Each structure stands twice: as structure tokens, then as C-alpha cells.
Amino acid sequence: MTITTKQYEALTEETAIALARRLYPFPEGTELVCREIGDGNLNYVFQIKDPKSGKALIIKQALPYAKVVGESWPLTLKRAAIEANALQKHGEFAPGLVPSVYATDEELAITVMEDLSHLTIAREGLIQGETYPKLSEDIGEYLARTLFHTSDFALHPFEKKRLVAEYSNPELCKITEDLIFTDPFFNNDTNDYEPELQGAVEAIWNNAPLKLEAAKLKFSFLTEAEALLHGDLHTGSIFASESETKVIDPEFAFYGPIGFDVGLFLANLIVQSITRSGEERQVVLSHIEKTWDVFSARFTQLWEQEGIEAFKETAGYKEFVLEKIFRDTLGFAGCELIRRTIGLAHVKDLDGIENAEQRIRLKKQTLQTGEALILKRAELTSIGAVTGLLEELQP
Ligand SMILES: Nc1ncnc2c1ncn2[C@@H]1O[C@H](COP(=O)(O)OP(=O)(O)O)[C@@H](O)[C@H]1O
Ligand SMILES: CSC[C@H]1O[C@H](OP(=O)(O)O)[C@H](O)[C@@H]1O
């Protein structure tokens with residue numbers, strides 16, 4: 001449903017209520033309350049609620065700039081349509097694992113969607129020690145289903161190339177190219193880290209083999225249109241509870257290498273594992289293994305049952321594809337670990353550690369883990385070998 005052809009204007013809590021009344025048949029006289037609840041880097045998120053019935057909806061609006069920086073960082077409003085379309089496209093293949101989209105408006109740059117406030121953002125819950133028993137199974141399924149079904153293994157080449165064009169997202173990709181793949185590897189102004197990390201950071205800038213591998217990973221990100229990615233699948237983009245998982249915020253969606261989505265999710269679990277110890281760490285290490293196991297098993301099943309590729313039964317081809325995805329996954333995870341420690345956009349899992357000595361120690365461990373995943377990604381041939389390495393690096 002398209003709402004209006006009105007010219008863009010940034011919503012306020014008052015105008016968001018007025019818009020919600022036009023969109024949803026709240027009974028006459030219903031008092032609505034609205035709060036702007038966005039805590040991300042880029043957009044406004046309004047929750048409009050009828051406190052009597054408890055019914056609520058969400059209106060997410062893109063600003064013509066990045067919220068975290070302000071008007072000095074202009075950013076396309078088209079990202080709102082990309083996000084709304086990606087939510088719906090991924091919802092076709094992973095029903096129940098994304099919020100329902102009720103309406104969109106390209107001019108206003110808004111997506112009206114299901115309120116998920118009964119769930120918790122996974123990053124917040126994990127920091128509080130939650131275990132989310134369904135998280136890895138659900139995300140493994142989400143990854144396999146969305147990535148397989150939007151790839152050449154499932155789509156007619158004309159439809160695949162139509163989608164590649166529809167999801168061209170150059171401005172948001174440029175953010176990732178800079179913030180994940182470039183800036184942390186150079187002495188760039190966008191980097192942000194404590195003085196105690198100066199030595200470790202300079203070691204990265206001077207590590208020629210590491211920089212060569214980062215360059216190769218960036219090249220993959222720039223050139224390999226394998227599937228319609230979420231594009232920013234960190235634990236802050238996932239709502240969770242004991243029984244439900246929902247993926248939000250695919251405004252970075254574009255056609256890219258499959259391992260990028262898998263790698264970002266695993267990296268954010270790895271950060272959690274670094275902040276935990278004992279049995280609590282084991283829970284997260286199990287999530288890491290299960291994500292890959294579920295992803296690869298479902299991807300294999302979809303390949304065998306629904307794949308359209310002429311070579312799909314050629315001995316060794318499926319294994320070649322999965323091995324490539326695995327290697328990419330580890331490399332991209334390594335880059336995410338490094339950027340979340342010393343780049344522009346950090347994570348609360350690490351920054352929220354109050355004890356400075358412990359925080360710096362764990363950040364060094366995160367950097368070391370990122371470097372190891374990038375450099376050893378060709379040698380690490382099973383997810384068990386990866387969790388083994390994590391245990392070695394996390395005394
Ligand atoms: N469908 C939703 N239901 C409830 N809260 C939401 C919903 N979507 C987003 N939010 C809230 O808004 C915050 C920011 O949303 P997000 O999509 O991550 O924005 P950004 O694009 O700015 O990163 C989330 O962390 C969550 O607290
Ligand atoms: C200035 S964009 C930095 C960072 O923010 C995005 O995350 P989110 O929108 O979920 O807060 C993305 O990870 C970008 O790299």
C-alpha cells in the first residue's frame with residue numbers, strides 16, 4: 001500500500017500520530033501516544049500506540065542524512081524503499097522471521113511495520129546474559145532461505161539481474177566499503193579507539209599480509225553479486241525472545257557475496273563469546289556452530305530439491321560453493337571484528353565494559369581474533385576448527 005504523494009518532510013511525534021490514524025482504523029476517539037524509539041545510527045523509529053488496547057505500529061523514517069553525524073553527512077532517502085522491499089522479499093522466503101510490512105511511501109521515506117516491542121534486541125539481551133535457545137537455528141534458516149532463493153541457484157537469470165538492478169544501493173555500500181573494509185586498515189580520521197590500543201592498531205596498519213587479505217575481501221564485496229544480502233546483519237538488527245526471532249533493518253541490502261551476511265552475524269556472536277566465560281561462553285560457541293550447521297544443511301537441501309543450476313549434480317560443485325561461502329564468512333567476520341573495535345561504529349558488548357583494564361584486554365583479543373580469521377580462513381575448514389581457535393584465543 002502506498003500512502004501519499006506528499007513531499008518529504010521529517011515526521012514529529014505529532015505528525016506520526018496523524019499519519020498512523022490515516023493508515024489504521026483506530027476506533028473514533030482513541031487517544032494515541034507516540035515515542036521516537038530509534039537507537040540506531042541512521043533513522044527515526046516512531047512507535048504509535050493505543051495504550052488501552054495495547055495495539056501499536058511502527059513508522060520508520062529515513063532522514064536525508066545519517067542521524068549519528070547530522071546534516072554534514074547527506075544520505076539517500078532511497079534506502080527506505082530498499083529496506084521495505086528487502087523486508088518483503090526476504091519475508092517471501094523466510095516467513096515469520098521478519099516483521100510484517102503494512103505500508104510504505106517512497107516520497108516520505110517511511111516503512112510502516114509490525115511493532116516488535118514484546119521482543120528484545122538480541123545484542124541487549126545477550127549483554128544481559130540471555131541465551132536465546134532459538135537464535136542460531138532461526139538465523140541459520142533465515143540465511144539459507146533468503147540467500148539461496150535470491151541467488152542464481154534458484155532464480156532465472158533475467159529475474160536475478162532485475163533484482164541486482166532493483167537493489168543497487170551504492171551510497172550504503174560505500175559506507176560498508178569505507179567503515180568495514182578500508183578505514184580500520186589505515187590511519188584514517190573516522191577510526192575511534194582508546195590510546196591503550198595504539199600499538200595494536202599500528203600493528204594492523206603495518207601488517208602487509210593482513211592488508212592484502214583485507215583488500216581481497218573488499219574486492220569480493222565490491223564485485224560478487226551472489227545473492228540479495230541483508231547487508232548489516234549484526235545482533236542489533238535482530239529482535240529475539242525464548243521462542244521468536246525477527247530480523248529488522250535491511251537498509252544496506254544489495255547483491256553481494258553470501259558469506260558477508262553469515263560472517264557479520266557470526267562476528268557479533270564472537271564478540272559476545274569474548275565477553276563471556278565458562279558455561280555462558282559455551283552457549284555462544286554452540287550458537288556459532290549451530291548457525292553454520294543449520295545454514296549449510298538447509299542450503300544443501302534447497303540446492304538438491306529446488307536448485308535450477310544445470311551443474312547442480314556435477315560432483316564437487318555444491319561442496320565448492322559451500323567451501324567458498326565458508327571461507328568468505330570467516331574473512332568478513334574478521335573484518336567486522338576489527339571495525340567494531342577500532343572503527344567508527346562500535347558495539348556496546350565491548351564499549352559497555354566498565355572496567356577499563358578488562359575492556360582493553362578484551363578489545364585486544366577481538367582484534368587478534370579478527371586478524372586470525374582473516375589470515376587463517378583458508379586453513380580453517382570446519383566450524384569446529386573455528387570454535388577451537390576461538391577457545392585457544394580466549395583463555
Ligand atoms: N518493528 C519494530 N518494532 C519495535 N521496535 C523497533 C522496530 N524496528 C526498530 N525498532 C527499534 O528502533 C531501533 C532502531 O531501529 P533500526 O531499524 O535498527 O534503525 P537504524 O536503521 O537507525 O539502525 C531498534 O533498535 C529498536 O529498538
Ligand atoms: C554511520 S553508519 C555506521 C554503521 O551504522 C549501521 O548500523 P545501524 O544502522 O544498525 O546502527 C551500519 O552498521 C554502519 O556501518
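Every number for a ligand or one of its atoms is a count from 1 in the order of the listing. From a predicted model like this one, the values you see are computed outputs, not experimental measurements.
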- [ ] Specify side chain, backbone, both or neither for Leu116, according to which of its non-hydrogen atoms lie closer than 4.0 Å to ligand 1.
- [x] both
TODO: Could I get the full list of salt bridge (charged side-chain N to carboxylate O under 4.0 Å, His left out) partners for Glu323, not counting sequence neighbours?
DONE: none
Task: Atoms of ligand 2 close to Trp73 [distance to a heavy atom under 4.0 angstrom, numbered from 1] - done: 1 (C)
TODO: Quick one: do Leu126 and Asn268 satisfy side-chain contact (heavy atoms from CB on, under 4.5 Å)? Show the steps, please.
DONE: CA-CA 10 Å; Leu126 289 167; Asn268 283 270; over 6 Å; no
Task: With Glu224, the salt bridge (Lys or Arg N to Asp or Glu O under 4.0 Å) member among Lys324, Lys218, Lys216 - done: Lys324
Task: Numbered atoms of ligand 1 (with element) below 4.0 Å of Asn43, judged on heavy atoms - done: 20 (P), 21 (O), 22 (O)
Task: Shortest protein heavy-atom distance from atom 25 (O) of ligand 1, along with the residue and atom involved - done: Asp39 OD1, 2.7 Å
TODO: Please say whether Asn41 places an N or O atom under 3.5 Å from an N or O atom belonging to ligand 2.
DONE: yes
Task: Contacting atoms of ligand 1, where contact means under 4.0 angstrom from a heavy atom of Leu42 - done: 22 (O)
- [ ] Specify the closest pair of heavy atoms between Gln47 and Ser117, including all atoms of both residues, with the distance to one decimal.
- [x] NE2-OG, 3.1 Å
- [ ] Please report which non-hydrogen protein atom sits nearest to atom 9 (O) of ligand 2, along with the residue it belongs to and the distance in Å to one decimal place.
- [x] Asp249 OD2, 3.7 Å
Task: Atoms of ligand 1 close to Glu251 [distance to a heavy atom under 4.0 angstrom, numbered from 1] - done: 21 (O)
- [ ] Decide whether Gln282 and Glu391 meet the rule of one side-chain donor and one side-chain acceptor closer than 3.5 Å.
- [x] yes
Task: Nearest neighbour in protein (non-hydrogen) for atom 8 (N) of ligand 1 - done: Ile248 CD1, 4.0 Å
- [ ] Could you list the atoms of ligand 1 found under 4.0 angstrom from a heavy atom of Asn41?
- [x] 22 (O), 23 (O)
- [ ] Among all protein heavy atoms, pick out the one at the shortest distance from atom 2 (C) of ligand 1; state its residue, atom name and that distance to 0.1 Å.
- [x] Ile58 CG1, 3.5 Å
Open item on the list: Restricting to non-hydrogen atoms, name the atom on Lys49 and the atom on Gly54 that form the minimum distance, rounded to 0.1 Å.
Closed with: CE-O, 3.9 Å
Task: atom 1 (N) of ligand 1 [closest protein heavy-atom partner, distance rounded to 0.1 Å] - done: Glu114 O, 2.9 Å
Open item on the list: Between ligand 1 and Glu83, is the shortest N or O to N or O distance under 3.5 Å?
Closed with: no
TODO: Tell me yes or no: between the side chains of Asp50 and Thr30, is some donor less than 3.5 Å from an acceptor?
DONE: no
TODO: Provide, to 0.1 Å, the distance between atom 15 (O) of ligand 1 and the closest protein heavy atom, together with that atom's residue and name.
DONE: Val45 CG2, 3.7 Å
Open item on the list: Within ligand 1, which atoms have a heavy atom of Asp115 less than 4.0 Å away?
Closed with: 3 (N), 4 (C)
Task: Short side-chain donor-acceptor distance under 3.5 Å, Glu202 and Gln198 - done: yes
Open item on the list: Can you report which non-hydrogen protein atom sits closest to atom 19 (O) of ligand 1, along with the distance?
Closed with: Lys60 NZ, 3.4 Å
Open item on the list: Below 4.0 Å, non-hydrogen atoms only: which portion of Glu336 touches ligand 2? Side chain, backbone, both or neither.
Closed with: neither
TODO: Determine the interplanar angle of the Tyr142 and His230 rings, folded into 0 to 90°, and report it as parallel if under 30°, tilted if 30 to 60°, perpendicular if over 60°.
DONE: perpendicular
TODO: Using a 4.5 Å cut-off on heavy atoms from C-beta on, say whether the side chain of Leu393 contacts that of Leu389.
DONE: yes
Task: Element-labelled atoms of ligand 1 that are located less than 4.0 Å from some non-hydrogen atom of Met113 - done: 1 (N)
TODO: Answer yes or no for His346: is there a heavy-atom contact with ligand 2 below 4.0 Å?
DONE: no
Open item on the list: Give me the nearest non-hydrogen protein atom to atom 18 (O) of ligand 1 as residue plus atom name, then the distance to 0.1 Å.
Closed with: Asp249 OD2, 3.1 Å
Task: Proximity to ligand 1 by part of Lys67, non-hydrogen separation under 4.0 Å - done: neither
Open item on the list: Hydrophobic clustering (ILVMFWY, side-chain heavy atoms < 4.5 Å, transitive) - are Ile248 and Ile59 grouped together?
Closed with: no
Task: Distance from atom 5 (N) of ligand 1 to nearest protein heavy atom, with residue and atom - done: Phe239 CZ, 3.4 Å
- [ ] Quick one: sort the His156 and Phe158 rings into parallel, tilted or perpendicular, breaks at 30° and 60°.
- [x] perpendicular
Open item on the list: Measuring from non-hydrogen atoms of Ser117 to any atom of ligand 1, is the shortest distance under 4.0 Å?
Closed with: yes
TODO: Using the six-membered ring wherever Trp is involved, compare the ring planes of Phe332 and Phe221 and label them parallel, tilted or perpendicular (cut-offs 30° and 60°).
DONE: perpendicular
- [ ] Look at atom 15 (O) of ligand 2 and say which protein heavy atom is nearest, naming residue and atom and giving the distance to 0.1 Å.
- [x] Arg339 NH1, 2.8 Å
Task: Minimum-distance protein heavy atom relative to atom 2 (S) of ligand 2 - done: Leu42 CD2, 3.9 Å
TODO: Could you list the atoms of ligand 2 found under 4.0 angstrom from a heavy atom of Arg340?
DONE: 13 (O)
Open item on the list: Using heavy atoms and a 4.0 Å limit, tell me yes or no: is Tyr44 in contact with ligand 1?
Closed with: no
Open item on the list: Looking only at protein heavy atoms, which one is nearest to atom 8 (P) of ligand 2, and what is the separation?
Closed with: Asp232 OD2, 3.7 Å
- [ ] State whether the number of non-hydrogen atoms from other residues, nucleotides or ligands found under 6.0 Å of Lys312 atom NZ is greater than 12.
- [x] yes
- [ ] Could you point out which residue of Leu228, Leu229, Asn85 forms a side-chain contact (heavy atoms from CB on, under 4.5 Å) with His90?
- [x] Leu228
Open item on the list: Would His234 count as being in polar contact with ligand 2, using the rule that some N or O on each side must be under 3.5 angstrom apart?
Closed with: yes
Open item on the list: I need the atoms of ligand 2 closer than 4.0 Å to a non-hydrogen atom of Val68, numbered in the order shown.
Closed with: 1 (C)
Open item on the list: Tell me if the aromatic rings of Phe148 and Phe299 count as close, with their centers under 6.0 Å from one another.
Closed with: yes
Open item on the list: So which atom in Glu251 and which in Leu172 form the shortest heavy-atom distance, rounded to 0.1 Å?
Closed with: O-CG, 3.7 Å
